[in-house]
Every structure is written in C-alpha cells, then in structure tokens.
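Scroll down for the structure; my scribbles are underneath it.
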Amino acid sequence: MLDGRYVADHLEQVRAGLGRRSEDAAASLDDAGELFARRRELIRTTETLQARRNAESQSMGQLAKAGDKAALEARRAELKVLSDEIKLLEQQLAEVERSVEERLLGVPNLPHPSVPDGHGEADNQVLRTWGEAPAFDFEPRPHWDVGAALGILDFARASRLSGARFSVLFGQGARLERALISFMLDLHTREHGYTEVYTPYLVRAEALRGTGQLPKFEADLFKTHRSDPDDPGALYLIPTAEVPVTNLHATEILEGRALPIAYVAYTPCFRSEAGSYGKDVRGLIRQHQFDKVELVRFVQPEQALEELERLTSHAETVLQKLGLHYRVSALCAGDLGFASQKTYDLEVWLPSQGAFREISSCSSFGEFQARRAQIRYRDEAKGRPKLVATLNGSGLAVGRTLVAILEQCQQADGSVLIPEALRDAMGTDRIVPG
RNA sequence: GGAGACGUGACCGAGUGGUCGAAGGUGCAUGAUUGGAAAUCAUGUGUACCUGCAAGGGUACCGAGGGUUCGAAUCCCUCCGUCUCCGCCA
C-alpha cells in the first residue's frame, strides 16, 4: 500500500509513476484527491467537537458534586445533543476512512525509477545469461515424456485423485523433489545466512492482505471453509511462502540492529490460477499445487535495491550449483507484480520448448507490504519507528527445477544424469528407466 | 467437541464509571557519583492521525468490533486469541 499522505500531496506524480504500469493502474487513483480532502475536513471538525465534549463532560463531575440537580439535568440534555452530533460525524469519518483504505489497497506499488519502461513480457530486459544450452544429438523430449518413460511422473493418476493440474511423483522422482528441497534449504542456511522457518500452510485473509494478494486477487486463491462458506474467519491455502513468512513480523517493531532479517522456508504452494486456461496445460509448469523454497528479507528501506541484488544472487547460486543454463531479466514496468517496485526473473532453459521459462522471481516491495502488514523497525532507542522494506524471491520453484533437470540432463538412452550437487542425496548419478 | 479462566504500555503488574495514556516495578536512555564498573540518586522513556515554520496544541487507542452513558480500561453484546481440565486424534 502506498502512503496515503504522500499520495494526497503528490497526486500527479504518483499517477504518472503508476501510468508506467498501465492506464488502469493510474486510473486506480481517480477521485482519490477528493476523498483525502474530505477525510481531512471530517477529522478536523470531529476532533474540535470531541475536544469540547471532553472538556464539558469533565465539568459535569464537579457539577454533580455541587448538587444542583436542575442545572445538571439541563447540562446533560445539552451535551446529549453534542454527543449525538459527534457520533454522526464519527460514523461519517469511519466510512471515509474505509473508502480511503479500500482505494489505497487496490493501488499497485510504484515502479522504481530503475525499472525499464514497457507494457509486457516482450519489453523485459535480459541482463545476463549463465551457462550454455546443452547440445543434443537427438530431439530433446519434453519433461512429461522423459518422466513418464522413467516411470517417475504420473498425471493420469493425479487427475483421478484431484483433477487437472496435479501430479504424482514416484520413486526417484519423489526422491529428487525431496533432494532438491533439502539442497536448497541447506545452501541458503549454510552459505547465505538464512534462518529456516516452517510455517502454517493455511492463513487468514489478513495475512494475504499484508502481502498484497487480497483484496484484489482472491480468484487466484484456494479458500477453505468449515461449515459456513461465507465464514469471515475462513482460511486460505497459501499461494507462496511469502505470505506466512513476510507476515511473521506483522504489527511488530523490530530492533534496527536485527536487520537485515533473512528467512528461508520450504512450503507447498496452492494456486487456482484463474485465467490461465489453455496455458501450459501439459506437464509440471503450471500446477494447482507445487513446492517452493522461498527467500524473504526484511531490510532498511535505503538498502532495498542492493538487497535485491544480493537476494537474486542467492537464487542464482542454486541454478549454478545445479549446472542449469539460465538467464536473468529485469521486468519492465508493465509486467511488474502488483506489490513489487522492482523484479528480476530467473528463467531456466527448457530445450523441448526452445525457450527460457521462469523459475524464480525476485522482488523488492519497498515499504509497500510493510505498510499493509505494519512491519516497522526502530533505529536507535529514541528514533521514531520506521517501515522496513521487504523482499522475496523463489530459491527456487522446486517443480520447475525438477522439470529443468529432466529436460537439460536427459540422455539419448532415456536416462537422466543427476547434477553433482544432488548425487549424495539421490544415492545415484543417474535415473534410469525401470 | 464439552467445561472453565483470562486478554492493560518493551516486560511484569495496579486500576470496576469522571481530572487515567493509564499507579508501581523491571528494562532502556541521559546525567550525577566512581580511577573504572557495580550499587545508588535524578530526569526521561508508547503508537497513529489532525494542526503548526517550530516550540507546541488537539484527537483516538487498555485484544478487535459494536452498544449503554453527558462521560467507558472500567457496564452490556459479538468476534478473535491465550491458558487449564475432559473427550478425540497424528
């Protein structure tokens, strides 16, 4: 969420910044100016009357002691009128506050000035490419064929259980998934200084509001209910560990010297992917349930950008250690996620598609999430609490990593060579059919 | 699922209708004392918003939201959370 006061005072500037995303984004601020002005005016009149009521109510106590019943009654009737007036104003104010809040919650983050211009995927800037595409003396097969031939990947049975966009892993496939999770967690905790956390997979709406999924993107989520489908206390399945991990410190005031705080969490992720019909219908790329190891950092706002570089390099290290060919691009303003001020995508090479596909998305959110979730820090003992900046990135999407291994490491004989880094955990250097 | 207890500031803990943003203690900060430290003493120490160049002034907040009242941390209702016992369960 943007700072309401900043928005009110810099309306045109903010509108221009949001315009870099899209016209819709800029339009999300329409009539915000009037709303803010109305809010201010209401606060002023309400508080003036409240001050008067407080002063006069106090004198009532003394009047009561004096014992003049008639005077007391007369006074009480007068104050009743004032009190009713205040209640009316308070209601109006609450309503305006709600509208302001509602408006603000629907406004996306301002793109950072360093974010390239552009409207969509095509305008993203490729910054660097690592490694080389493996050369094949045969036609590389898609991972679903590789997996099926090895007997480790099964979509038909998953569909019998849960419908489309689910999968079952067997044998070395399941083990590879687990090995990848451990590998990533170990790497980030041992070499990159992250603290591992294990979180709930079901969260309240409040948490999703904190990170920005709600109220706008409810359709992408799985919502649970016990008996009443409209239960306001209903829990949602997390779409990413970003939600529980970032909200870990919601409403807290952190010690300035504790920053940066770095967490890594493995969780399954659940997405209803509304609106993705027809995209990536085959294979593991787009599933309702997938595993992800997520990196989250809480930092001082001035350091957000350099921290984003650091976070991105941590995610990249995973791909490098696995020897997977990938590239890094900076998302253009039009392709930025709702809450992000700047994002780097890591895209891994999929030979069967002859294309790079997203395997990690590393973003700085600036104070956007911290303002929603009220995550603050105090610099020195005396200083005012300030909002932190939050960052997160996949480190990595486990299912897509498994896809990349099956595709990049496939051999002519149908086997798959296991990257060095995973061989101990896999107990073998290759997955063979059978 | 059943029965009960409870939610006050960084923490502990008073406070059952009026001058309570809230006693007291601990912690923390600054100063005094000291060769230095401990101990001691003094002072200070919440958040948000409105207003003001500033100093300052004002309003709200005692789990959350409603209600009663001229006036609510204190009374009533709903919700959320925590704890204890029983049941069930991995």
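Throughout, a chain's letter reflects where its sequence line sits, starting with A, and its residues are numbered from 1.
A distance of about 44 Å separates the P atoms of rA37(B) and rC50(B), rounded to the whole Å. For the P atom pair drawn from rU8(B) and rA64(B), the interatomic distance equals 10 Å after rounding to whole Å. If you take atom C1' in rU59(B) and the same atom in rC53(B), they sit 23 Å apart, rounded to whole Å.
More than 12 heavy atoms of other residues, nucleotides or ligands shown are found within 6.0 angstrom of CZ on Arg103(A). By the neighbour-count criterion of 12 heavy atoms within 6.0 Å, atom CZ of Arg52(A) is sparsely surrounded, having that number or fewer from other residues, nucleotides or ligands. For CZ of Arg5(A), the number of neighbouring non-hydrogen atoms (other residues, nucleotides, ligands) closer than 6.0 Å is 12 at most. For Asp424(A), the CG atom counts as loosely surrounded, since its 6.0 Å shell holds 12 or fewer non-hydrogen atoms of other residues, nucleotides or ligands.
At least one side-chain heavy atom of Pro108(A) sits under 4.5 Å from a side-chain heavy atom of Leu18(A). With a 4.5 Å cut-off on side-chain heavy atoms, Leu331(A) and Val115(A) do not count as touching.
Along RNA chain B, the nucleotide closest to Gln374(A) and the one closest to Arg52(A) are compared, and the more 5′ of them pairs with Gln374(A). Ranked by how close their nearest RNA chain B nucleotide is to the 5' end, Arg376(A) and Arg5(A) are led by Arg376(A).
Taking a pair as Watson-Crick or G-U wobble with both distances under 3.5 Å, RNA chain B forms stems of 3 or more consecutive pairs at B:1-7 with B:80-86, B:10-12 with B:24-26, B:27-32 with B:40-45, B:46-51 with B:56-61, B:63-67 with B:75-79.
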### Task
Show the numbers, then the answer: is there a salt bridge (Lys or Arg N to Asp or Glu O under 4.0 Å) between Arg76(A) and Glu73(A)?
CA-CA 5 Å; Arg76(A) 179 172 296 163; Glu73(A) 280 312 312; 3.1 Å; yes
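Using a 4.0 Å cut-off between charged side-chain N and carboxylate O, Glu78(A) and Arg75(A) make a salt bridge. A salt bridge links Glu12(A) to Arg15(A): one of the charged nitrogens lies within less than 4.0 Å of a carboxylate oxygen. Using a 4.0 Å cut-off between charged side-chain N and carboxylate O, Arg310(A) and Glu307(A) make a salt bridge.
Taking atom CD1 of residue Ile253(A) and atom P of nucleotide rG27(B), one finds them 21 Å apart after rounding to whole Å. Note: CD (Gln58(A)) to P (rG58(B)) measures 11 Å, nearest angstrom.
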Any N/O pairs under 3.5 Å between the protein and nucleotides 71-78 of chain B? List them or say none.
| unit_1 | atom_1 | unit_2 | atom_2 | d |
| --- | --- | --- | --- | --- |
| rG71(B) | OP1 | Ser83(A) | OG | 2.5 |
| rG71(B) | O4' | Ser57(A) | OG | 3.2 |

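When the side-chain nitrogen and oxygen atoms of Asn54(A) are compared with OP1 and OP2 of rA60(B), one or more of them lie within a distance under 4.0 Å.
His188(A) and His192(A) have tilted rings, their planes meeting at an angle from 30° to 60° on a 0 to 90° scale.
The stretch residues 30-50 of chain A touches RNA chain B through Arg39(A), Arg40(A), Ile43(A), Arg44(A), Glu47(A), Gln50(A), each having a heavy atom within less than 4.0 Å of the strand.
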